[in-house]
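So the structure is just underneath, and the comments pick up after that.
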Amino acid sequence: MRTEHITLTAGDAEVDVLPGNGGRVGGLRVGGTELLRQGERFGCFPMVPWCGRIRDGRFRDGAEVRQMPLNAPPHAIHGTARDGVWKVARHTDTETVLTYDLTEPWPYPGRVTQLVALTPDSLTLTMSVETYDASFPAQIGWHPWFNRNLGDGGEDVRLDFIPAWQEERGDDHLPTGNRIEPRPGPWDDCFGMPGGVDVTLTWPERLELKVTSREEWVVVYDEQEAAVCVEPQTGPPNGLNTHPRLVTPLEPLEATTVWRWTRL
């Protein structure tokens, strides 16, 4: 079943889910106000089976070195599933379940499942990667593009979070392996939050939205004028090499992020 556009509704909240465009959330409206940047490459897309950049597109799995296409030369970025067509496994008014079978150029068979669930004041995204064959390293994350300004003459969004550390970023935009004291923005950086991701976006006098996750890694990107990105993920950029999480037939990899909002 190929469905190009699903709209979930709960209270005055609406979410557009786009299975045919990488399984992304194409829009989130609260009281008619769109919170996500619009466009076929924006919204909020799943990052899987890796997050951020892989150095030179290469990662090691045991004795083997695997090469991914360099879609952000000289690196590979944000996984392969965002470019694929997802299938709809289940759909109601307030939630949908999508699946995506990993295929070339990813060298291992596996299945990704994503649950999108809406309530009047929250959106929950849960994703898992499982295999019934060979084990492999993987990462899960989400890349939302939140509108910097909601229009109507309001102020730009403010970001508030208290990370334990910042991954030092090299000239190649990848972590050097050193953890440093968090620095002021603008950012295209990965931060560690061992107690779980907890980032608050506030559009003054309009809306407060809190992004949380049990995972301890979050990339914050606010170098573009139109939008800011708050990306919970299961490991840092280049993590297939530095912090591999193994998917096995007995142990899938699963992660969840919750966005909860209140009006101001």
Side-chain angles (χ1 to χ4, degrees), residues 22-25 41-61 66-72 74-84 86 98 100 102 105-108 110 112-114 125-130 136-146 161 163 165-170 172-177 179 187-194 196-197 199 211-223 227-247 252-259:
R24 78 186 61 221
V25 172
R41 306 301 292 172
F42 299 110
C44 172
F45 61 81
M47 297 185 291
V48 63
W50 75 84
C51 305
R53 296 170 176 85
I54 304 175
R55 185 186 307 280
D56 301 322
R58 291 196 292 268
F59 68 95
R60 185 177 294 277
D61 178 22
R66 301 292 195 175
Q67 178 70 56
M68 294 294 99
L70 304 182
N71 58 350
H75 308 305
I77 197 168
H78 294 335
T80 58
R82 65 174 178 148
D83 298 317
W86 293 53
L98 309 178
Y100 176 77
L102 294 170
W106 186 249
Y108 311 96
V112 184
T113 303
Q114 181 176 211
L125 303 172
T126 299
M127 192 157 38
S128 64
V129 184
E130 55 191 335
F136 56 84
Q139 288 179 294
I140 288 171
W142 290 270
H143 195 305
W145 295 83
F146 292 105
F161 63 116
W165 73 84
Q166 179 174 338
E167 295 287 337
E168 182 181 58
R169 175 162 50 98
D172 58 4
H173 275 257
L174 290 170
T176 66
R179 294 179 174 179
W187 297 294
D188 182 11
D189 293 282
C190 183
F191 298 88
M193 304 186 78
V197 171
V199 180
V211 176
T212 60
S213 174
R214 292 189 304 269
E215 304 306 322
E216 69 174 293
W217 306 94
V218 62
V219 168
V220 178
Y221 175 56
D222 67 346
E223 293 182 346
V228 299
C229 305
V230 177
E231 307 162 36
Q233 47 197 64
T234 59
N238 201 36
L240 290 188
N241 289 306
T242 61
H243 290 78
R245 297 274 293 272
L246 204 61
V247 178
L253 177 62
E254 182 174 294
T256 296
T257 183
V258 179
W259 307 351

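Residues: numbered from 1 along the sequence shown. Note that these values count all heavy atoms, side chains included, but never hydrogens, waters or copies made by symmetry. Everything numeric in this text was worked out from a predicted model, so none of it was measured.
With contacts defined as side-chain heavy-atom distances shorter than 4.5 Å, the pair Pro232/Val211 qualifies. By the 4.5 Å heavy-atom criterion applied to side chains, Pro49 and Val129 are not counted as neighbours.
Considering only residues two or more places apart in sequence or on other chains, Glu168 meets the side-chain hydrogen bond (donor to acceptor under 3.5 Å, both in side chains) condition with Thr176, Asn178. A search for side chain to side chain contact (heavy atoms under 4.5 Å, CB included) contacts involving Arg214 returns Thr256, not counting sequence neighbours. Scanning for side-chain hydrogen bond (donor to acceptor under 3.5 Å, both in side chains) contacts around Trp259 gives an empty result, with sequence neighbours left out. Listed by chain and residue number, Arg58 satisfy the salt bridge (charged side-chain N to carboxylate O under 4.0 Å, His left out) test with Asp56 (two or more places apart in sequence, or in another chain). With sequence neighbours left out, the side chain to side chain contact (heavy atoms under 4.5 Å, CB included) criterion links Phe191 to Phe161, Pro163, Gln166, Pro182, Trp187, Asp189, Val218, Val220. With sequence neighbours excluded, no residue forms a salt bridge (charged side-chain N to carboxylate O under 4.0 Å, His left out) with Asp61. Here Thr212 pairs with Asp198, Lys210, Val258 under the side chain to side chain contact (heavy atoms under 4.5 Å, CB included) rule; sequence neighbours left out. Partners of His173 by ring pair (Phe, Tyr, Trp, His ring centres under 6.0 Å), not counting sequence neighbours: none found. Residues that satisfy the side chain to side chain contact (heavy atoms under 4.5 Å, CB included) test with Arg245, not counting sequence neighbours, are Glu215, Thr234, Leu253. By the side-chain hydrogen bond (donor to acceptor under 3.5 Å, both in side chains) test, Glu130 pairs with Tyr132, sequence neighbours left out. Under the side-chain hydrogen bond (donor to acceptor under 3.5 Å, both in side chains) criterion, Glu167 pairs with Trp165, not counting sequence neighbours.
Rounding to the nearest 0.5 Å gives a distance of 15.0 Å between CD1 of Ile77 and CE of Met68. Here the straight-line distance linking atom CZ of Arg60 with atom CZ of Arg66 works out to 12.0 Å at 0.5 Å rounding. The line from CH2 of Trp50 to OG1 of Thr80 is 5.5 Å long, rounded to the nearest 0.5 Å. Put simply, CZ on Phe136 and CG on Leu240 are 10.5 Å apart, with the number rounded to the nearest 0.5 Å. Atom OG1 of Thr257 and atom CD1 of Ile140 lie 12.0 Å apart (nearest 0.5 Å).
Nearest heavy-atom pair, Ala76 versus Gly57, reported as atom, atom and distance to 0.1 Å: CB-CA, 3.8 Å. Scanning all heavy atoms of the two residues, the minimum distance from Pro46 to Gly23 falls at CD-O, 3.7 Å. Counting all heavy atoms, side chain and backbone alike, Met127 lies closest to Gly141 at CE-O, 3.5 Å. Gly79 approaches Asn71 most closely through the heavy-atom pair O-ND2, 4.5 Å. Looking at every heavy atom in both residues, Pro237 comes nearest to Leu174 through CB-CD2, 4.3 Å.
Look at Asp172 and Arg55 and you find a salt bridge, because one of the NZ, NE, NH1 or NH2 atoms lies within 4.0 Å of a carboxylate O, short of that distance.
At least one donor-acceptor pair under 3.5 Å links the side chain of Arg24 to the backbone N or O of Arg41. Remark: the backbone N or O of Val219 is not paired with any side-chain donor or acceptor of Trp217 at under 3.5 angstrom.
Among residue pairs with one or both ends in residues 137-146, those qualifying as side-chain hydrogen bond (donor to acceptor under 3.5 Å, both in side chains) are Gln114-Trp142, His143-Trp145, His143-Glu231; sequence neighbours excluded.
Between Trp106 and Phe59, the distance from one ring center to the other falls under 6.0 angstrom.
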